[in-house]
Each structure stands twice: as structure tokens, then as C-alpha cells.
2 protein chains.
Amino acid sequence: MYLVLSTEILGHEGGTRGYDAPMSTGARRPTGPRRVTISDVAELAGVSTAAVSRSFNGAERLPPSTVKRIHDAAAQLGWRPNATARAMKRAAAHTFGFILLRAPDLLGSDPFFPLFLAGLEPGLSADAYALMIRFVSTAEEEKNCYRDWVAEGRVDGFVLTDLRDDDYRLDLLAELNVPAVVAGDPGRSTPSSAVFHTTDGCIREMVDGWADRGHSRIAHVMGDPALLHARRRRDVWAAAMAARGLRTDLIAEGGFTEAGADQATRKLIAAENPPTAIFYGSDVMAAAGMRTLAELEVRVGVDIAIAGFDDVPLAPYLSPPLATIACDYRELGAEAAAILLEEVSRSHPRGRSARAGKRLELDGAFIARASYEIEPGPSSPRETSSSAA
Amino acid sequence: MYLVLSTEILGHEGGTRGYDAPMSTGARRPTGPRRVTISDVAELAGVSTAAVSRSFNGAERLPPSTVKRIHDAAAQLGWRPNATARAMKRAAAHTFGFILLRAPDLLGSDPFFPLFLAGLEPGLSADAYALMIRFVSTAEEEKNCYRDWVAEGRVDGFVLTDLRDDDYRLDLLAELNVPAVVAGDPGRSTPSSAVFHTTDGCIREMVDGWADRGHSRIAHVMGDPALLHARRRRDVWAAAMAARGLRTDLIAEGGFTEAGADQATRKLIAAENPPTAIFYGSDVMAAAGMRTLAELEVRVGVDIAIAGFDDVPLAPYLSPPLATIACDYRELGAEAAAILLEEVSRSHPRGRSARAGKRLELDGAFIARASYEIEPGPSSPRETSSSAA
DNA sequence: CTGAAAGCGCTTACAG
DNA sequence: CTGAAAGCGCTTACAG
């Protein structure tokens with residue numbers, strides 16, 4: 001924290017700059033030069049601290065010559081307004097919190113988190129907001145973190161992802177009465193704003209396309225049912241199937257993990273009437289399922305059609321290339337940032353919970369790659385493949 | 001930032017708690033209840049603010065009964081010490097910075113960032129340190145961010161990744177004189193500590209294994225040569241090749257991208273004497289290369305052997321499963337956190353740049369999956385595959 | 001052992 | 001237009 005007044009910073013005028021930094025102010029610090037403060041700049045520029053502050057906050061007008069003198073002095077001393085002191089005066093941390101409750105082993109393959117963050121953060125920092133991130137491992141820890149960060153004044157609002165069934169965080173946020181944006185469809189009215197991809201049409205398009213090609217046994221490997229988006233994908237798949245008069249009992253849980261997808265795939269293929277097509281709730285599950293299918297000697301793209309969800313960068317490089325539903329998670333992050341900034345700019349000291357939050361829907365897209373494009377044989381795929389032998 | 005004294009928080013004693021929160025203190029705020037402060041707690045508990053502070057900082061001893069009274073009062077009011085005020089007094093933000101200069105399109109498939117973060121953050125927050133993240137898109141922005149965050153007192157130190165050739169950040173950090181930990185091998189002595197995986201042995205094992213099987217034309221698709229780890233992988237591959245008396249001219253740049261890997265693979269296969277094995281500098285490039293090879297009708301695992309680097313979760317699910325070099329990036333993050341905390345705990349108000357930083361090396365592991373296991377045919381792979389026709 | 005008071009580094013009504 | 005002074009919410013020597 002101690003700013004070293006190196007000659008670099010002082011433009012090599014260290015010895016002759018006609019300014020002696022006070023070397024102690026009740027300093028109980030071990031050693032080291034003391035921090036440069038607004039007073040040092042004021043003194044060097046020959047103005048009051050108020051003038052320095054004003055010149056850095058732009059609101060009030062000062063003579064240009066004074067502003068220049070102050071800015072020169074600040075540059076010479078390498079001074080910038082201390083963010084902590086500023087935050088204290090303003091009673092705002094100028095920081096948002098992002099708390100993640102996630103199995104860490106899911107993070108390595110999940111395309112959502114890094115892209116969302118890469119979209120979110122630049123949007124916030126463009127407005128000088130910082131982002132504070134926390135990984136928690138239990139709901140208890142998570143709950144405490146939300147409360148603590150607000151009570152301690154660490155954050156001015158939150159970003160939420162991975163909405164869960166009956167998610168207590170929505171009510172918690174309402175109680176805490178802080179701005180928040182939910183990245184995901186809350187499925188109900190909430191005081192928090194929300195932004196999410198609407199992929200219902202994509203899933204319908206996928207199911208209808210398969211149905212049009214003659215598929216009737218279209219299975220679904222769903223993600224973790226505790227997650228709202230996993231349930232939503234399942235529900236839309238089921239509705240699309242029902243709309244075509246198709247049965248929806250070919251379903252298994254894959255929990256968004258590779259191992260789960262492997263088990264789910266085996267279960268589906270072992271069914272009396274195995275599917276001719278499988279819609280996996282994520283590309284990661286689809287990729288794992290592809291290997292399982294290969295092991296079971298069910299050829300993807302020949303005996304069975306599959307599709308995933310997310311459009312991970314590797315999806316086109318699988319063999320056959322994986323059909324999927326693409327969502328731009330970076331865009332989602334960027335929109336979340338914009339909404340959050342809008343939330344805080346409207347100051348609702350109270351009554352935030354009174355109004356309903358904004359809703360912004362983004363479009364997903366169905367991408368029909370080779371893994372999608374097969375027509376079911378006259379018999380089940382396994383019979384087909386054995387009849388070829 | 002305004003804490004709502006809801007009945008929830010007050011344990012439903014809101015009306016009869018015998019305590020009237022002062023409703024204004026020169027409050028110029030729009031509306032809303034004012035923030036609960038240490039004075040409110042002191043008043044309710046019938047002690048001084050000093051006592052409240054002490055009871056929350058543990059150092060000095062207070063009578064247990066007083067501590068209890070204070071803590072009860074704090075709980076009743078939902079008060080927690082304001083982090084900003086605390087930081088100001090302590091002249092420390094209790095926060096570390098993590099600034100990323102990265103092409104955002106690389107983030108979606110990169111296993112490093114999310115896992116590293118998932119290891120790093122819990123380590124820091126266990127010690128009540130926060131992590132501030134920033135994505136920048138130019139070196140200029142990056143440099144300013146380091147300087148600004150220190151000058152503004154936003155952070156107490158930094159985490160660095162993606163070390164570049166002749167990386168100016170190492171000197172910048174030394175100049176700024178703040179604690180830092182580098183995740184990666186700086187390749188030279190630096191005042192910052194560093195933690196990284198040593199994979200030289202893994203790469204040698206891979207090359208030697210191929211050489212032992214009779215491969216002599218082992219190519220390398222390297223990552224972005226601006227990055228130190230890409231260069232290191234190349235150098236170690238080249239040294240291992242040279243040690244076996246093998247030529248090192250079969251090399252191409254893939255830039256860590258799918259498209260780059262595609263181009264690099266085409267270039268290598270088009271060579272007069274194409275390789276019988278390819279070491280890709282990342283799994284993402286290897287996966288992309290696999291598709292290119294398939295398009296070129298060079299069969300991985302039959303005509304050519306390949307291996308990647310990173311061990312992404314999908315690696316075992318490619319076909320054939322991808323041999324690779326595994327590094328535990330979560331462990332790397334956890335170790336980086338530990339080192340950083342150790343750095344700040346030793347207070348070096350000056351002279352940080354005098355001593356050399358600590359070095360911690362972690363082990364990588366070579367994982368020989370099916371894509372690795374072929375022996376080269378008597379002729380080149382393309383001749384082999386055409387002679388089979 | 002406990003409290004009054006100074007001070008962390010700013011910002012901003014307020015007074016000149 | 002400009003500055004002196006109060007105050008943001010804490011912590012901590014210092015004095016009782």
C-alpha cells in the first residue's frame with residue numbers, strides 16, 4: 001500500500017522538486033515512505049484540498065490554469081484519489097458481487113462461466129465498477145456471503161447465475177433490498193431484473209426436425225434437475241414431443257457431468273425401445289455420450305442422431321460435428337452489466353421490492369451439424385446396425 | 001448500501017426493542033433508513049464504540065458478559081463492521097487484483113482460467129481477502145490498471161498469469177513494490193514469487209516414448225509464441241528431439257486457437273516428409289487438429305499419433321481418446337493463494353525488490369491415451385493410407 | 001479495564 | 001470562485 005516515490009514516478013525531479021513529503025504523521029508503520037495524500041497534492045499545487053478534490057471530480061468549475069497546476073502536481077507525485085476513502089464518503093463500494101455455488105469439477109468444462117464473466121466485467125469496469133468474485137461450496141456459506149457483503153458495505157449489488165428450483169436467493173435479495181441482475185429466467189416475477197436466452201423455439205425446431213424425419217423415439221438426457229435451466233430444457237422438450245404426439249418417457253438424468261451422461265446414455269440404449277435420437281442438455285454431456293455410444297457400437301450419425309446445448313468451441317470438432325443450441329454467453333454478460341448499471345443509477349432507497357424487475361430476452365440458435373442429420377432406419381438402430389453385419 | 005431494519009433482521013422485535021435508530025445525521029440521502037453504525041450498536045449495548053470495535057477485533061480482552069451484550073446488540077441490529085471504514089483505517093484494501101489480457105474468444109475453451117480461479121479464490125477468502133478481477137484488451141489498458149489499482153489503494157497485491165516473453169509486468173510490479181505471485185515460470189529471478197507446473201519431464205517422456213516406438217518425424221504445433229509457456233513447451237520438445245538426434249523442423253504455429261491449429265496441421269501434413277506424430281501445445285488445438293486430419297484422411301491412431309496439453313475434461317471423450325499432459329490448475333490456484341498470503345503477511349515496507357521471490361514447482365503428468373499409441377508404418381502415413389486403397 | 005478523541009483520506013455543503 | 005471544516009464509519013494509541 002505504500003507508494004514508493006521513485007524517481008520514475010517523479011519524473012527524475014526527486015531531488016529538486018521543491019517539495020518535502022512529510023515523513024511522519026503519527027506514523028506507527030514499520031518503515032517505508034508514507035502514502036501520498038490529497039494534502040500533499042494541494043500543498044504542492046498551492047491550493048486547498050477541496051480544490052484538488054473538485055478538479056478530480058469535474059462537477060464544479062475551476063479555472064483551467066488551476067486545474068492544470070493541480071493535475072501536474074498529482075502526476076508528479078503519482079497521486080490518485082484513494083478509492084477506499086472515496087467509497088467511504090460516498091457510502092457506496094462501487095463494486096458488485098458475484099457469488100458462485102458450483103461443483104469445481106464442473107468449472108473446467110463449462111463454457112458459461114468464463115464467457116459470461118468476459119462479457120460482464122468489461123461492462124462494469126467501463127463505468128468504474130469493480131467486480132468481486134466468491135466461490136462457495138455450501139448453501140449456508142452462500143447465504144452468509146450475500147448477507148455479509150451487504151452488511152459490510154462491500155458491494156452495491158449482485159449478479160446471480162445458476163438459478164435453482166425455488167431459489168431462496170431471490171427472496172434474500174428482495175429482503176436485502178439491493179440492486180441485482182439475474183442471468184437466467186427466474187420463471188416468475190421478481191424485484192430483480194433478469195436477462196436470459198430464450199431457446200424454447202430452438203428446442204422445438206430441433207424436435208420438430210427430427211419428428212419430420214420420422215424419428216419418434218427422441219430421448220432427453222437432462223442436466224441437474226436442481227437447476228432451473230435444466231428443468232426448462234426438459235419441459236420444453238417434453239412439450240414439443242407431446243405436441244407431436246410422441247412419448248416422453250425416454251428421459252434420464254446426466255447431472256451435467258461426463259460420468260452422469262455416460263450412465264444416462266447406457267440406460268437409454270438399454271431400454272426396450274431405445275431412442276433413435278438423443279437431445280443432451282449440454283455439449284459436455286453429449287460429448288461424453290458420444291463415447292459411450294461408440295463403446296456400445298451405436299454409431300452417431302448412422303444409427304442414432306444426437307444434439308447438445310451450449311455450442312462449446314470444440315463442438316464442431318467432435319466426430320461427427322455436434323449439432324447444438326448456441327447461446328452467446330458473452331453477450332449475456334454484457335447485457336447483465338448494462339442492466340445492473342441501470343439498476344443502480346436509478347436510486348430506489350426503498351421500495352425496490354415493490355416494483356417488478358426488468359426482463360430482457362436474448363435469442364439462442366439451433367445449429368444443425370452432422371450429428372443431427374440421420375433418418376431412423378425401419379427398425380431400431382441396434383437392429384439396423386446388426387442387420388448390416 | 002442502506003440496510004433495511006426489517007422485522008426479519010430485528011427478530012420481530014422492531015417495535016419494542018427499546019431502541020430508536022437516529023433517523024438523520026445530516027442525511028442528505030434521498031430517503032430510506034440510514035445505515036446502522038458502530039455507534040448504534042454501542043448505544044444499544046450501553047458501551048463505547050471502542051468497546052464494540054474491540055469485541056469485534058478480538059485482540060484486547062473484555063469481560064465475557066460485555067462481549068455477549070455487544071454481540072447481541074450487533075446481531076439485533078444486523079450490524080457488521082463496515083469493510084470500507086476498516087480498510088481505510090488499516091490502510092489496506094484486503095483485496096488482491098487479477099488482471100487478464102486475453103482474447104475473449106480463447107476463454108470459452110480454455111480450461112486454465114476457471115479452474116485456476118476456483119483454486120485461487122477460496123484460498124484468499126479463507127483469509128478474508130477479496131479478489132478483484134479485470135479483463136483488459138490492450139497492454140496499455142493493462143499497464144494503467146496495475147498502476148491505478150495500486151495508486152488508488154484498491155488492492156494489496158496481484159496475481160499474474162499468462163506470462164509473456166520479456167514481460168514488462170515483472171518490472172512494473174517491482175517498481176510498484178507490492179506483493180505478487182506469478183502463476184507460471186518467469187524463467188528468471190524476480191522479486192515476485194512464482195508457482196508453476198514443471199512439465200519438461202512429461203514432454204520428454206512423450207517424445208522418448210514415440211522415438212522408442214520408431215517415430216522420427218514428430219511435429220509440434222505450438223501455441224502463441226508471445227506466451228512464455230508456449231515457448232517453453234516448444235523448447236523442451238526441441239531439446240528432447242535433439243537429444244534423440246531427431247530433426248526439429250516440423251513445427252508450426254497454432255496460436256492456441258482452433259483455426260490456427262487447422263492451418264498448422266494442414267501445413268505439416270503437406271510437408272514433403274509429413275510427421276508420423278504431432279505434439280499439439282494444447283488439447284483445444286489437438287481437437288481441432290483431429291478434425292483437420294480426418295478431413296485430410298489421415299487417421300489418428302492408425303496413420304498418425306497425436307498428443308495434446310492440458311487434459312481438458314473432454315479429452316478422454318474424443319475419438320480416439322486424446323493423450324495429453326495434465327496439470328492440476330486448481331491446485332495451482334490454491335498454491336498461488338497460499339504464497340500470496342504469505343507474501344503480504346511478511347511486511348516489507350521497502351526492499352521487496354531486493355530479495356528474490358519464492359519458487360514452487362508442481363508436477364504435471366503425461367497421460368498416454370489411445371491417440372498416442374501407434375507405431376509408424378514403413379512408409380509415410382499418407383503413402384500407407386493410399387497403398388491400402 | 002474502559003472511554004474520549006484523534007485520525008485514516010477523501011468529499012461537499014457551507015461560509016466567505 | 002475558493003477554502004475551512006465537518007463528517008463518512010471505523011480503529012487505536014492515549015489517558016483515566
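Everything numeric here is computed off the predicted structure, so don't read it as measured data. Within every chain, numbering begins at 1; the chains are lettered A, B, ... in the order of the sequence lines, protein sequences first and strands thereafter.
Between A:V344 and A:F96 the shortest side-chain heavy-atom distance falls below 4.5 Å.
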Just list the side-chain donor-acceptor pairs under 3.5 Å for residues 129-137 of chain B, sequence neighbours left out, or say none.
unit_1 : atom_1 : unit_2 : atom_2 : d
B:S137 : OG     : B:E141 : OE1    : 3.0

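Distance CG (B:N57) to P (D:dT12): 6 Å, rounded to an integer number of Å. Whole-Å rounding puts the A:H94 NE2 to C:dG9 P distance at 22 Å. Atom CD of A:E43 is separated from atom P of C:dG9 by 15 Å (rounded to the nearest Å). Rounded to whole Å, atom P of C:dG9 lies 5 Å from atom CZ of A:R35. Taking atom CE of A:M88 as the reference point, atom P of D:dA6 lies 16 Å away to the nearest angstrom. When the C1' atom of C:dC8 is taken as reference, atom CZ of B:R90 falls 12 Å away, rounded to whole Å. The distance between atom CZ of A:R80 and atom P of C:dC10, rounded to the nearest whole Å, is 11 Å. Here D:dT12 presents its P atom at 15 Å from CZ of B:F56, a figure rounded to the nearest Å.
Remark: B:K68 pairs with B:D72 by the side chain to side chain contact (heavy atoms under 4.5 Å, CB included) rule, at least two apart or across chains. Take B:A334 and apply the side chain to side chain contact (heavy atoms under 4.5 Å, CB included) test, not counting sequence neighbours, and it matches no residue. Evaluation of the side chain to side chain contact (heavy atoms under 4.5 Å, CB included) rule for B:D171 yields B:R188 as partners, not counting sequence neighbours. Judged as a side chain to side chain contact (heavy atoms under 4.5 Å, CB included), and not counting sequence neighbours, the contacts of B:P63 are B:S65, B:T66.
Ionic pairing of A:R147 and A:E175 is present here: one or more N-O contacts between side-chain nitrogen and carboxylate oxygen are shorter than 4.0 angstrom. Between B:E152 and A:R86 there is no salt bridge, since none of the side-chain N atoms of the basic residue sits less than 4.0 Å from a carboxylate O of the acidic one.
In this structure, B:A85 and B:A50 both approach DNA chain C, and ranking their closest nucleotides by distance from the 5' end singles out B:A50.
Note on A:R54: every side-chain N or O is 4.0 Å or more away from OP1 and OP2 of C:dT11. Dashed line: the shortest gap from a side-chain N or O of A:T37 to OP1 or OP2 of C:dG9 is not under 4.0 Å. Applying the 4.0 Å criterion to OP1 and OP2 of D:dT11, one finds that B:R86 has a side-chain N or O inside that range. For the pair A:N82 and C:dC10, the criterion of a side-chain N or O lying under 4.0 Å from OP1 or OP2 is not met.
Straight-line distance between the P atoms of D:dA5 and D:dC1: roughly 23 Å, to the nearest whole Å. Rounded to a whole angstrom, the distance from the P atom of C:dA6 to that of C:dT2 is 23 Å.
Here C:dC10 is the nucleotide among D:dC10, D:dT2, C:dC10 with the atom lying nearest to any side-chain atom of A:I38. Among the nucleotides C:dA4, C:dT11, D:dT2, the one closest to the side chain of A:P63 is D:dT2. Side chain of B:A51, nearest nucleotide from C:dG3, C:dA5, C:dT11: C:dG3. Of all nucleotides listed (D:dT11, C:dG9, C:dG3), D:dT11 comes nearest to the side chain of B:K89. Here the side chain of B:T66 is nearest to one of C:dT2, D:dC10, D:dT2, namely C:dT2.
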Symbol by symbol from the 5' end, with Watson-Crick or G-U pairs under 3.5 Å, [ ] crossing and | another strand, DNA chain D is |||.||||||||.|||
